[in-house]
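Reviewing the structure listed below.
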Amino acid sequence: MMAAGASYPPMPNMVAVVNPHFCAPYPVDLTIARKLFNITEGNFAVTDVNGSIMFKIKGKFFSIRDRRLLLDAADRPVLTLQQKVLTAHRRWQVFRGDSTSSSDLLFSVKKSSLLQFKTELDVFLASNTSESVCDFKVKGSWFERSCSIHAANSNAIIAQMHRKHTVQSIVLGKDTFAVTVYPNVDYAFIVALVVVLEEINEDRDGDD
């Protein structure tokens, strides 16, 4: 899973939002593929550089709230991603396991502003109840599918994403992203952020 020939500044502290188990001491390269033609499930598959499944994302479109479930390779629930209804900034909340209880809330994500020409999302940990300053920030160009994720307090980059064009992705109708997670950064957390980013930007219903 290591990115060959790349140099990354070490994070002074481990970034373990979901679980330290998902932090590696080396950079982790992931591929996130969305099956565009699978409307009922809206599935993503997350693989490592060897093509092995690391996570699956399954969705429920026909419920009151948009909800996604992040599963590990053995189909065990890792996170539940749920859009909060009736919020202006397209806020998503992410919970531990298959829970949607406030006691299991890990973090939430929302647009930094209503009108955006560049992608910018604010990420707040559950412990950050005041939300006066975000804990992480997603910046970039969604049109180009090129984004970076920053630790907001230091502005240090902790992961980067870009769109991946392959013959397979064109033939199979998949939206495919390559994600590099920096050393000592929780890659389950990063995968969840990319899925939320995709959901927020694919939503064409406005911002009410």
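Only a predicted model underlies this, so the values are computations on that prediction, with no experimental measurement involved. Residue numbers run from 1 in the order of the sequence given.
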query = With a 6.0 Å cut-off on ring centres, are Phe22 and Phe55 close enough?
reply = yes
message = If the condition is ring-ring contact (aromatic ring centres under 6.0 Å, His included), which residues does Phe107 pass it with, not counting sequence neighbours?
response = Phe189
key: Min side-chain heavy-atom separation Val179-Val181 under 4.5 Å   = yes
key: Value rounded to 0.5 Å, distance of NE2 in His150 from OG in Ser148   = 3.0 Å
inquiry  = Leu81 and side-chain contact (heavy atoms from CB on, under 4.5 Å): which single residue from Leu193, Thr100, Val94 fits?
reply    = Val94
request  = Mind checking the SG-CE spacing from Cys23 to Met14? Nearest 0.5 Å is all I need.
outcome  = 5.0 Å
key: Side-chain donor or acceptor of Asp186 paired with backbone N/O of Val17 under 3.5 Å   = yes
With sequence neighbours excluded, residues passing salt bridge (Lys or Arg N to Asp or Glu O under 4.0 Å) with Lys137 = Glu120, Asp122
note = Output for pair (Gln82 CD, Arg68 CZ), nearest 0.5 Å, gives 10.5 Å
inquiry  = According to ring-ring contact (aromatic ring centres under 6.0 Å, His included), who are the partners of Phe124, at least two apart in sequence or on a separate chain?
reply    = none
query = Is the shortest heavy-atom distance from the side chain of Leu79 to the side chain of Leu106 under 4.5 Å?
reply = yes
remark   = Of all heavy-atom pairs linking His21 and Tyr187, the shortest is O-OH, 4.2 Å
inquiry  = I want to check something: taking the side chain as every heavy atom from C-beta on, are Ile190 and Val185 in contact at a cut-off of under 4.5 Å?
reply    = yes
inquiry  = If you define the side chain from C-beta out and look only at heavy atoms, does anything of Leu71 sit under 4.5 Å from Arg76?
reply    = no
Cluster overlap Tyr26 with Ile157, hydrophobic side-chain contacts below 4.5 Å = yes
request  = Check whether any side-chain heavy atom of Ser108 lies under 4.5 Å from a side-chain heavy atom of Glu131, and answer yes or no.
outcome  = yes
inquiry  = Can you confirm whether Pro183 sits close enough to Pro25 that some side-chain heavy atom of one is under 4.5 Å from a side-chain heavy atom of the other?
reply    = no
ask   = Considering only heavy atoms from C-beta outward, does the side chain of Ile57 approach that of Leu69 to under 4.5 Å?
value = no
inquiry  = Given 3.5 Å as the limit, does a donor-acceptor pair link the side chain of Asp104 with the main chain of Arg96, or not?
reply    = no
task = Search all heavy atoms of Lys111 against all heavy atoms of Leu121 and return the closest pair with its distance.
result = CA-CD2, 3.8 Å
task = Can you measure from OG (Ser146) to NZ (Lys139) and round to the nearest 0.5 angstrom?
result = 13.5 Å
query = Can Ser99 and Ser101 be counted as having a side-chain donor-acceptor contact under 3.5 angstrom?
reply = no
task = Can you measure from CD (Gln93) to CZ (Arg67) and round to the nearest 0.5 angstrom?
result = 11.0 Å
query = Do you see a donor-acceptor pair shorter than 3.5 Å between the side chains of Thr180 and Asp29?
reply = yes
inquiry  = Just so I know, are the side chains of Leu30 and Thr47 near enough to count as touching, which here means a heavy-atom distance under 4.5 Å?
reply    = no
task = Can you see which heavy atom on Leu197 is nearest to which on Cys147, and at what distance?
result = CD2-SG, 3.9 Å
message = Evaluate Lys56 against Asp75 for side-chain contact (heavy atoms from CB on, under 4.5 Å), listing each step before the verdict.
response = CA-CA 8 Å; Lys56 306 168 190 174; Asp75 284 338; 3.0 Å; yes
inquiry  = Tell me whether Asp72 contacts the main-chain N or O of Pro77 through its side chain, where contact means a donor paired with an acceptor under 3.5 Å.
reply    = no
message = Grouping I, L, V, M, F, W and Y whenever their side-chain heavy atoms are under 4.5 Å apart, do Phe95 and Leu125 come out in a common cluster?
response = no
Interatomic spacing from CZ in Phe177 to CD1 in Ile32 - rounded to 0.5 Å = 7.5 Å
